[in-house]
Q: 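Structure in structure tokens, see below.
Computed over heavy atoms, backbone and side chain alike; hydrogens, waters and symmetry mates excluded. Model, not experiment: these values are computed from the prediction. When a residue number appears, it is its place in the shown sequence, counting from 1.
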Amino acid sequence: KILATLDEPALFWLDGHQSGPDTAPGPCPLRKELMTILAHPQRHVILIDDCRCMADGPSHREWLHYASYPSVRWIEAQADVAGYDFELADDVARLTPR
């Protein structure tokens, strides 16, 4: 809904981490959110926090919902295909249009 209102670039901060098994139930929405933003006609800057949870598999295996998290490699590949540069620093993935 938000993307439909945008006619200029925006900054998206996606929180890539749930607070525990009782928060935000269901599969991680990050894949769908990212693909939706990357497909938008406008070129946006995208920040994804808590990438430690996605580094070559989840680091918090005690929470089953981490199984639906995308890997950092997957995020980087999607960024590349969509024409975005990818940088990972300070636990945040930064996707910026080329």
Q: Do any N or O atoms from the side chain of H44 and from the backbone of P9 form a donor-acceptor pair under 3.5 angstrom?
A: no
Q: Under the side chain to side chain contact (heavy atoms under 4.5 Å, CB included) rule, what do L14 and L47 come out as? Steps first, then yes or no, please.
A: CA-CA 6 Å; L14 303 179; L47 304 176; over 6 Å; no
Q: Kindly compute the distance separating CG (L95) from CD1 (I75), expressed to the nearest 0.5 Å.
A: 7.5 Å
Q: Do F12 and L34 sit in one hydrophobic cluster, given that two such residues count as connected whenever their side-chain heavy atoms are within less than 4.5 Å of each other, even indirectly?
A: yes
Q: How close do C51 and V72 get, counting heavy atoms only, and between which atoms?
A: O-CG2, 3.8 Å
Q: Any chance you could measure M35, atom CE, to H40, atom NE2, to the nearest 0.5 Å?
A: 15.0 Å
Q: What's the shortest heavy-atom distance between A79 and L38, and which atoms?
A: N-CD1, 4.4 Å
Q: Looking at every non-hydrogen atom in both residues, tell me the closest pair between R98 and Y84 and how far apart they are.
A: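 Between these two residues, the closest heavy atoms are NH2-O, 3.2 Å.
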Q: Before giving the answer on side chain to side chain contact (heavy atoms under 4.5 Å, CB included), spell out for D50 and D91 the whole-Å C-alpha distance, their side-chain angles and the decisive distance to 0.1 Å.
A: CA-CA 5 Å; D50 303 312; D91 202 28; 3.9 Å; yes
Q: Tell me the closest heavy-atom pair linking Q42 and D7, and the distance in Å.
A: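 Scanning both residues completely, I find the closest heavy atoms to be NE2-O, 3.1 Å.
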Q: Could you give me the CA-CA distance, side-chain angles and deciding distance for L3 and I37, then say whether side chain to side chain contact (heavy atoms under 4.5 Å, CB included) is met?
A: CA-CA 7 Å; L3 283 169; I37 296 167; 4.3 Å; yes
Q: F86 versus D80: any side-chain heavy-atom pair under 4.5 Å?
A: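 F86 vs D80: side chains apart.
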Q: Start with the C-alpha gap between W74 and R31, add the side-chain angles, then the distance that decides, and say whether side chain to side chain contact (heavy atoms under 4.5 Å, CB included) holds.
A: CA-CA 9 Å; W74 182 87; R31 288 177 196 266; 3.6 Å; yes
Q: Report yes or no: does R94 contribute a side-chain atom to a donor-acceptor pair with the main-chain N or O of I48 at less than 3.5 Å?
A: no
Q: Please report the shortest heavy-atom distance between P97 and V45, naming the atom on each side.
A: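 Shortest heavy-atom separation between P97 and V45 comes out as CD-CG2, 4.2 Å.
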Q: Would one find more than 12 heavy atoms of other residues, nucleotides or ligands at under 6.0 Å from atom CD1 of I2?
A: no
